[in-house]
Amino acid sequence: MSSSSPDERTLVLIKPDAVRRGLVGEILGRFERKGLRIDALVVRAMDGDFADQHYAEHVDKPFYPPLKAFMTGGPLAALVLSGDQVIEVVRGMIGSTDGRKAAAGTIRGDLSLSNRENLVHASDSVDSAKREIALWFPELS
Ligand code: CMP
């Protein structure tokens, strides 16, 4: 009998700054080389209402209005990744929120110099992954 747990899923957004800078391939490549599976992938833009739903926990924060403008300001790539402990693995790969402080070797640490335009979003828990996957890819839920 295998001792490994069933694979998890997480929701990842490759944000408009990454698309604009031509970094989608670089970022997807890191996830692929890690051994994670891409279960779904779409390029689309978010409108304001959708941004409010995605960032429901942040809508009252002072940084939300410019975050909303940034996230609705151009196309992004939304994807579902799966793999062993994928939620924690991907959070480690993207690094801490502020690209200026994120560790070298992480996506933000290597490629971002901003607290807002930080290239990637990833679900931070099993519950948020379920909620975000249902929002972005209802056909998978
Ligand atoms: P993300 O992982 O998508 O989750 C919330 C986002 O809000 C975060 O990445 C950043 O893009 C942004 N963010 C979080 N904290 C700040 C902050 N203090 N100032 C500006 N943007 C922030």
Side-chain angles (χ1 to χ4, degrees), residues 2-141:
S2 165
S3 61
S4 62
S5 53
D7 282 352
E8 286 179 345
R9 277 179 163 170
T10 193
L11 186 282
V12 171
L13 302 179
I14 302 180
K15 297 185 179 186
D17 56 333
V19 175
R20 219 165 19 240
R21 291 174 57 194
L23 293 172
V24 174
E26 159 77 29
I27 293 167
L28 279 179
R30 289 186 182 216
F31 294 137
E32 288 190 306
R33 293 196 297 277
K34 183 70 174 173
L36 302 173
R37 269 194 320 280
I38 300 172
D39 291 343
L41 172 62
V42 67
V43 175
R44 56 170 281 192
M46 260 203 294
D47 65 21
D49 286 346
F50 200 91
D52 292 348
Q53 289 181 67
H54 174 78
Y55 279 128
E57 68 186 292
H58 294 312
V59 289
D60 295 324
K61 302 213 173 120
F63 63 76
Y64 186 65
L67 172 65
K68 181 175 178 176
F70 159 55
M71 290 297 293
T72 58
L76 53 76
L79 56 146
V80 174
L81 292 176
S82 63
D84 190 21
Q85 297 186 32
V86 68
I87 296 168
E88 191 182 343
V89 167
V90 169
R91 297 282 295 182
M93 290 178 73
I94 69 177
S96 54
T97 302
D98 189 336
R100 296 165 297 193
K101 296 178 184 147
T106 66
I107 293 168
R108 290 166 173 165
D110 289 349
L111 302 170
S112 167
L113 203 52
S114 170
N115 200 21
R116 177 179 308 119
E117 301 203 4
N118 59 3
L119 301 170
V120 186
H121 163 86
S123 309
D124 64 4
S125 66
V126 171
D127 284 348
S128 66
K130 283 206 177 94
R131 186 185 73 79
E132 292 172 3
I133 290 169
L135 181 64
W136 284 89
F137 295 99
E139 67 275 17
L140 293 184
S141 303

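No hydrogens, no waters, no symmetry mates; every other heavy atom, side chains included, goes into these values. Whatever order the structure lists ligands and atoms in, that order sets their numbers, starting from 1.
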(message) One pair to check against salt bridge (Lys or Arg N to Asp or Glu O under 4.0 Å): Lys15 and Asp17. What are the steps and the verdict?
(response) CA-CA 6 Å; Lys15 297 185 179 186; Asp17 56 333; over 6 Å; no
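Under the 6.0 Å distance and 45° angle rule, Arg44 counts as a cation-pi partner of Phe50.
In this structure, the side chain of Ser128 does not engage the main chain of Ser123 through any donor-acceptor pair within 3.5 Å.
Within 4.0 Å of ligand 1, counting heavy atoms only, the contacting residues are Lys15, Tyr55, His58, Phe63, Leu67, Thr97, Arg108, Asn115, Arg116, Asn118, His121.
Here the CD atom belonging to Glu132 is positioned 5.0 Å from the NE2 atom belonging to His54, to the nearest 0.5 angstrom. Separating the CZ atom in Arg37 from the CZ atom in Arg9 is a distance of 8.5 Å, to the nearest 0.5 Å.
Between Phe63 and His58, the angle of the ring planes lies from 30° to 60°, which puts this pair in the tilted group.
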